[in-house]
Amino acid sequence: MASPISQPWTQLFHGVAAQGQAFADDPLADDGAYYAFLSKVDRDDSARTCDVLFEVVNKAWMDNAVFSRQLSVPRSLPSAPALLYHLPAVPTTELLAVLGLKTTDDLAEGSWYLITLSKGQREGLTAGDGGLVGDLFDPDIDSVRS
Amino acid sequence: MPPKDSPKDYGPHTLESAQLISLPQLGSDGTIDWFAAPPADRVTNALTDDGPARAEGVGGTVLGKRKALGDIGMAGATKKRKTLGPPPPRPVDPNITSVAVMDVGQGNCNVLIEDDDTPVTYYDVGYPLPFFVSSLPANMRRNDPAYLGPYQPTSLNNMNVVLSHWDWDHWRLGHVANLQNLDWTYPNQPVGPATANFVNGLANGNVYPAAAPPGLGVNYAIIPCAPLPGMPPAAIMNNSGLALGTVTRIPSVVLPHPNLHVVMLTADANFNTLAGVVNPAAPAWPALVAVTAVHHGSNNYGAPDNLPAPAVPDGRIVYSYGVSGNTGNHPYGFPGNVAVGNYQAAAWGALPANARSTAEGPNIHPVGAGPLPPPPPLVRGNVRIGDQTPLPYANTAFTTFPVASRLT
């Protein structure tokens with residue numbers, strides 16, 4: 001008859017599993033810092049605007065789950081508490097200014113950024129003050145049935 | 001990974017700051033460094049190490065972060081990865097009798113249909129961003145009671161998916177409609193964390209090697225695309241994926257071989273980035289009769305330039321784009337007036353005879369050519385090129401093709 005699993009052993013591995021649960025329950029970053037993958041860019045030159053989609057992950061999660069490895073071992077990205085940050089039809093010049101780019105030629109899908117977001121829209125923001133407002137949401141809002 | 005039970009909209013957020021970590025760049029030898037350091041002379045906000053470089057694990061430094069992203073940030077680095085080898089001996093394959101360009105709003109989704117009226121292959125399974133969901137027909141809106149969705153896997157579970165590239169509006173229907181169990185073939189491009197979650201959930205994902213030559217599927221050819229020298233970073237993703245060509249028979253077309261009418265689907269890739277195309281005016285594929293407009297009819301980064309010549313006096317062309325059901329606006333300004341003009345000048349679709357669109361049928365209103373009509377579009381729907389025999393499938397948004405949207 002196999003020995004019963006010890007309580008400390010069980011508690012240890014429940015603790016391991018729980019480390020990531022906080023991020024799954026609340027993917028928002030307390031400090032507003034996210035690693036952001038520029039997933040989609042579309043320019044509307046007639047309106048001089050850009051539509052931009054970032055796939056973002058809490059910086060703390062990414063630093064722990066991806067960037068803290070001691071060895072460079074190729075492996076797949078673990079399931080991430082990913083969110084989408086969508087900036088629809090924002091002025092192109094303002095977007096380039098915030099992203100630190102000089103030309104739309106470098107507004108490239110596949111780029112990675114470290115960004116800071118704050119909830120809501122602050123009044124009086126102008127270009128150069130980070131005056132761009134987008135929507136932050138869970139990707140699966142498009143998959144909810146009526 | 002199944003959709004979450006209660007996905008949340010966290011509302012407006014202000015972009016306070018941004019620092020660029022990596023920027024895709026094209027080398028002089030044609031190779032792509034997807035995670036290159038940002039050029040100092042072109043970027044003012046590049047992320048730098050805070051103080052002396054310290055080894056907080058592999059990703060402690062900015063250089064380490066780029067390396068870590070390169071290790072795990074590609075579609076081919078997902079859990080279930082199979083790189084395609086040489087194609088198998090080609091069987092005697094049924095004919096593709098029609099090619100459909102489905103109305104998925106602002107997105108792309110094409111289907112190859114065999115002569116027994118069976119849809120067999122998806123080329124892209126796109127879906128709009130939530131912001132543009134009003135561009136969808138009601139029977140494709142997931143949160144609408146009228147939702148029907150694409151072909152149901154339970155009745156057509158042998159369909160496969162060839163993905164052009166990893167843009168959201170080209171793969172997202174794969175998640176919305178739970179198509180992860182189909183056989184997928186896709187290019188090895190970088191993906192973000194939300195996309196990576198989807199790729200990790202594919203039951204059978206096949207990476208098409210970037211350096212591979214064109215390969216033969218059962219009813220089609222996959223043609224890798226490669227960015228051209230001098231293409232800026234902004235054009236790399238769209239032009240480094242997979243195009244798909246097939247042969248069908250378009251009833252009104254007269255060519256020496258009646259069953260060899262080539263249809264070329266490139267999604268967002270420029271025609272002159274397809275492997276083997278040196279002179280688009282004399283492409284490697286003769287008998288080219290029908291195409292889809294590059295990048296939904298975009299004006300940018302050479303999309304409407306270097307167009308191939310059709311093998312007939314007036315080639316057939318389909319524009320896949322959406323129109324907002326609320327405002328009548330065209331997301332991203334598609335199709336552009338320059339693009340439509342260039343296609344017409346190259347003998348692709350003299351309006352309204354041989355040009356169709358998913359959003360407006362034959363009544364295409366390019367952006368920049370004058371006021372746009374108010375919503376809703378009078379004619380919209382799935383476009384079918386070739387045979388128009390009705391499909392025997394119920395409970396799907398992909399079975400009906402309005403008469404005005406047919407190309408025969």
### Message
Can you tell me which portion of R172(B) sits under 4.5 Å from chain A's heavy atoms? Options are side chain, backbone, both or neither.
### Response
side chain

### Query
Relative to chain A, which segment of D9(B) carries a heavy atom at a distance below 4.5 Å: side chain, backbone, both, or neither?
both

### Query
Which bit of L47(B) comes within less than 4.5 Å of chain A, counting heavy atoms only: side chain, backbone, both or neither?
side chain

### Query
Is NZ or CZ of K67(B) both nearer than 6.0 Å to the six-membered ring centre of F67(A) and within 45° of the ring axis?
no

### Query
In Å and rounded to the nearest 0.5 Å, what is the CZ to CG distance from F137(A) to L129(B)?
6.5 Å

### Task
Identify which part of D41(B) has an atom lying under 4.5 Å from any heavy atom of chain A, answering side chain, backbone, both or neither.
backbone

### Query
Going by distance alone, is a donor N or O of one side chain under 3.5 Å from an acceptor N or O of the other, for H296(B) and D42(A)?
no

### Message
Any carboxylate oxygen within less than 4.0 angstrom of a Lys/Arg side-chain nitrogen, looking at D138(A) and K8(B)?
### Response
no

### Query
Side chain, backbone, both or neither: which part of T195(B) has a heavy atom under 4.5 Å from chain A?
both

### Task
Identify which part of V133(B) has an atom lying under 4.5 Å from any heavy atom of chain A, answering side chain, backbone, both or neither.
neither

### Query
Using a distance-only test with no angle check, is there a side-chain donor-acceptor pair under 3.5 angstrom linking D142(A) and H175(B)?
no

### Query
Does anything in residues 230-237 of chain B get under 4.5 Å of chain A by heavy atoms, and if so which residues?
P232(B), P233(B), A234(B), M237(B)

### Task
Classify the side-chain pair Y301(B)/D105(A) by whether it contains a donor and acceptor separated by less than 3.5 Å.
yes

